[in-house]
Amino acid sequence: MSTAILTGQPVPGSPLEGDLRSLGFDVRVASDAADTETLLAAAPAGQRVAIVDARFVGHVHALRLGLTDPRFPASAVPGAVTAQPEARADLTRALRATTGSGNGGGSTLAVEALADHVAEAIEAEGRALHRPDLGTLVATVPSDPQTRNEARQAVAAVDDEAVRLRTAVKSRDGFFTTYCISPYSRYLARWCARRGLTPNQVTTASLLVALIAAGCAATGTRGGFVAAGLLLLFSFVLDCTDGQLARYSLQYSTLGAWLDATFDRAKEYAYYAGLALGAARGGDDVWALALGAMVLQTCRHVVDFSFNEANHDATANTSPTAALSDKLDSVGWTVWLRRMIVLPIGERWALIAVLTAVTTPRITLIVLLIGCGLAACYTTAGRVLRSLTRRATRTDRAAQALADLADTGPLASAFAALGLRGPAVPAPVLAFIGGAAIACVAGLTSYGSPWVVVAAVIYVITSGLAVARPLKGALDWLVPPFFRAAEYGTILLLAANADVNGALPAAFGLVSAVAYHHYDTVYRIRGDAGAPPHWLVRAIGGHEGRTLAVALAATLLADTDFTVALTALAVAVALVVLVESIRFWVTAHKRGAPAVHDEGEPA
C-alpha cells in the first residue's frame with residue numbers, strides 16, 4: 001500500500017482522507033514540517049509516497065491522475081506531489097530544502113503550502129515532474145471559506161466519472177474504432193475494472209477469442225466463416241477494451257504494453273493461417289496469398305517504425321509536406337479520410353471479418369492485399385516526400401536505432417568491418433539493389449537454380465556495404481524495410497517455386513518466427529530497453545544469413561527436403577527468440593521497468 005501524508009489542519013467535512021484511501025493510500029497526518037519529514041522517512045522504501053495539502057479540493061480522478069500513474073517517477077497536481085521509489089530521494093531532498101529555505105521551518109504557512117513548495121523544489125533540482133492535463137477536472141487549494149465553497153461547486157458541476165470514461169478512449173484512433181467500438185467498449189472497460197480484471201487478462205482473452213476465430217475459419221464451412229468473422233470483431237472489441245481499461249484505472253505496465261503489441265500481431269497472422277487452412281479444405285490453395293499478406297503487413301509496420309525512429313529526436317522540421325499535412329488536419333473530414341486510407345487495425349479487421357463471413361478466403365486475402373498495398377504506397381510516398389524536403393540533422397541515437405532495426409548478422413557485419421567504401425552509393429540504394437537481385441532471381445528461376453545462391457551472396461555484400469556507414473541520410477530509414485521485404489519475399493518465392501505440399505505453410509511458419517524477432521526489436525527500442533543482445537542476432541544469422549541459408553537449402557535439397565529444412569529453421573528461430581524475449585520482458589516487469597507511455601485524450 002502507498003502512503004499519503006496530509007499536511008496542515010484537516011478541514012471539517014472534507015472527503016479528502018476517504019478519497020485517498022479509495023485510491024489505495026494509507027493516510028498519515030503531519031502536524032508540522034518536521035513531522036512530515038519523520039513520516040516520509042518512516043514510509044517503506046519500496047512504496048510510493050505522496051504529500052497532500054489537507055485543504056485540497058478536487059475530483060477523485062484528478063488525484064488518481066496526479067498520484068497513482070505508474071508511468072512517471074514523480075508527478076504533481078495543485079496541492080499534491082508524489083514520488084515512486086526511484087524518485088524518493090528527490091522528494092526527500094526537496095522537502096528538506098523547502099523546510100530549511102527560510103519559510104519558517106515548521107510554521108503554519110510552510111506546512112499548509114508544503115506540497116506545492118516541494119513540487120517546485122523537485123523541478124528546480126532538474127527531476128522531471130509530470131503534471132497531468134486535468135482539463136475540466138478540478139484540483140485546487142482554497143485559501144479561504146469563500147473560495148473553498150466556489151471550488152466545491154466547481155467539483156459538483158463536472159461529472160468525474162464521465163470524464164474518466166471519455167479519457168479512457170484514445171484521442172487519435174481510426175474511424176471504425178472511434179464510432180463503432182469505443183462508444184460501448186469503454187463501458188466494458190469500466191465493468192472489467194469494477195470486477196478487478198486487469199488489462200493483461202483482457203489482452204489474453206482477446207488472443208484466445210482470435211485463436212478460436214482462426215479455428216472456425218479453418219473449418220472451411222460457411223457457418224465457420226460467419227462465426228470466424230463475428231469472433232474476430234469481438235476479439236477487436238476486447239483489444240480496444242484492454243487499453244481503455246489501462247487508461248481508466250491507470251494500470252500501465254511494461255509487460256502489458258509488450259503483450260498488447262505482440263498479441264495483436266499473433267492474432268492477425270494466426271487468422272491468416274486459419275483462412276488458408278479453411279480454403280485448403282475446400283480445395284483452394286491460398287497459402288501464398290496468406291504469406292503475402294503477412295509479408296506486406298509486416299513491411300508496412302517496419303516502414304512506420306523506421307521512419308518514426310529516424311525522426312524521433314531529429315531537429316529542424318522544415319518540410320513543406322509536413323506543413324501541408326498539419327493544414328489538412330485542421331479540416332475535419334480530411335482527418336478521418338486520411339486515417340481510413342492507411343487501413344488501420346480497426347478498418348482492416350472489420351474488412352477481414354465481413355469478407356470472411358460473406359465471401360471466400362481467396363477473395364478476402366486478395367482484397368486485403370490490394371487495400372494494404374494502396375495504404376503502403378500512400379504512407380511510404382508521404383514519408384519519402386517529407387524526408388526529401390526536410391532539412392534535419394539526425395542523432396546518433398536515431399542511427400543506432402536504425403542499425404538495430406536492420407538486424408545485420410555476422411556475414412554482412414564482416415563486410416561492413418572491411419571498410420570497403422567504393423562508390424558513394426546511398427545506403428537505401430544498396431539495400432534495394434541487393435534485395436531486388438535476390439527476389440528477382442528467386443522468382444524468375446526454376447527451383448534448384450544455383451543462381452539463387454549467387455544472388456544471395458550479392459545480397460550479403462550489398463547489405464554489409466549499406467550498413468558500413470551510420471544511417472543518418474535523409475532516406476536511410478528505408479534500409480530496414482528493404483531488408484525485411486528481401487528476406488521475407490525470398491522465402492515466399494522459393495517456397496512457391498518448390499511447388500510441393502507443405503512448403504508454403506513451412507515458409508509461413510519461418511516468416512512468422514522471424515517477424516516476431518523483428519517486432520520484438522521494435523518494442524524494446526520503443527520502450528527504451530535497447531535492442532536484443534548481439535549473441536541472439538548472431539545465433540539466428542541476421543537477415544542476410546537466414547536469406548543465404550534458405551537459398552542454399554533451395555539449391556542443394558530436393559523439394560520435399562526443402563520443406564523439412566524450412567520447418568526445422570522455423571522451429572529453431574522460434575525457440576531461440578521466444579525464450580530470450582519472454583525472459584527479457586518478464587525480468588523487466590519484475591524489476592519495475594517504467595511502462596510505455598500511451599496517453600489518452602486530455603480531460
Side-chain angles (χ1 to χ4, degrees), residues 2-8 20 23 25-56 58 62-134 139-141 143 250 252 254 312-313 315 395 397 527-530 591-597 599 602:
S2 303
T3 299
I5 303 172
L6 283 183
T7 61
L20 289 170
L23 296 177
F25 285 95
D26 181 21
V27 180
R28 297 285 183 267
V29 179
S31 58
D32 55 31
D35 196 17
T36 303
E37 290 190 46
T38 301
L39 291 173
L40 176 59
Q47 285 188 1
R48 173 192 290 273
V49 176
I51 298 175
V52 184
D53 195 312
R55 300 170 301 164
F56 176 89
L63 285 172
R64 180 181 291 107
L65 292 173
L67 302 183
T68 68
D69 196 324
R71 299 171 297 171
F72 307 101
S75 58
V77 292
V81 62
T82 185
Q84 295 199 67
E86 59 266 38
R88 282 280 297 274
D90 299 278
L91 181 66
T92 300
R93 285 194 300 270
L95 177 60
R96 290 172 178 170
T98 299
T99 56
S101 61
N103 289 331
S107 70
T108 302
L109 176 62
V111 171
E112 291 180 342
L114 196 57
D116 290 333
H117 289 325
V118 169
E120 293 170 1
I122 291 176
E123 289 180 309
E125 290 186 359
R127 158 66 76 171
L129 185 70
H130 174 64
R131 294 184 182 271
D133 185 354
L134 299 179
T140 186
V141 180
S143 57
L250 298 186
Y252 301 102
T254 298
H312 181 269
D313 47 9
T315 57
T395 63
R397 177 199 178 280
D528 291 327
R591 290 177 177 174
V596 176
H597 291 221
E599 290 290 357

Derivation of the side chain to side chain contact (heavy atoms under 4.5 Å, CB included) call for L65 and V77: CA-CA 8 Å; L65 292 173; V77 292; 5.8 Å; no
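Across all their heavy atoms, A30 and D35 have their closest contact at CA-OD2, 3.4 Å. Shown here for L39 and V29, the closest heavy-atom pair between the two residues is CD1-O, 3.7 Å. Nearest heavy atom pair, residue A45 against residue P85, reads O-CB, 3.6 Å. The nearest pair of heavy atoms linking A87 to P73 is CB-O, 3.5 Å. Listed here is the closest heavy atom pair of A80 and L67: CB-CD2, 3.9 Å. D116 and G79 make their closest contact through OD1-N, 2.8 Å (heavy atoms, listed as atom of the first residue, atom of the second, distance).
Between L114 and L95 the shortest side-chain heavy-atom distance falls below 4.5 Å. The shortest side-chain heavy-atom distance between V52 and T82 does not fall under the 4.5 Å cut-off. Counting heavy atoms from C-beta outward, E123 and R131 have side chains that approach closer than 4.5 Å. The closest side-chain heavy-atom distance from Q84 to E86 is below 4.5 Å. Two residues are said to be in side-chain contact when any heavy atoms from C-beta on lie closer than 4.5 Å; H117 and T99 fail this criterion. Residues L6 and L20 have side chains in contact (heavy-atom distance under 4.5 Å, counting atoms from C-beta outward).
One finds the OG1 atom of T3 at 4.5 Å from the CD atom of Q47 (value rounded to the nearest 0.5 Å). Interatomic distance, L134 CG to L63 CG, rounded to the nearest 0.5 Å: 9.5 Å. For the atom pair OG (S2) and CG (D26), the distance works out to 9.5 Å, reported to the nearest 0.5 Å. For the atom pair OG1 of T140 and CZ of R55, the computed distance is 9.5 Å after rounding to the nearest 0.5 Å. Note that the CG atom of L91 and the CD1 atom of I5 stand 8.0 Å from one another [nearest 0.5 Å].
Within the 3.5 Å criterion, the main-chain N or O of R96 finds no donor-acceptor partner in the side chain of E37. At distances below 3.5 Å, at least one donor-acceptor pair connects side-chain atoms of R88 with backbone N or O atoms of L40.
Among residues two or more places apart in sequence or in another chain, the side chain to side chain donor-acceptor pair (under 3.5 Å) test is passed with R64 by H61.
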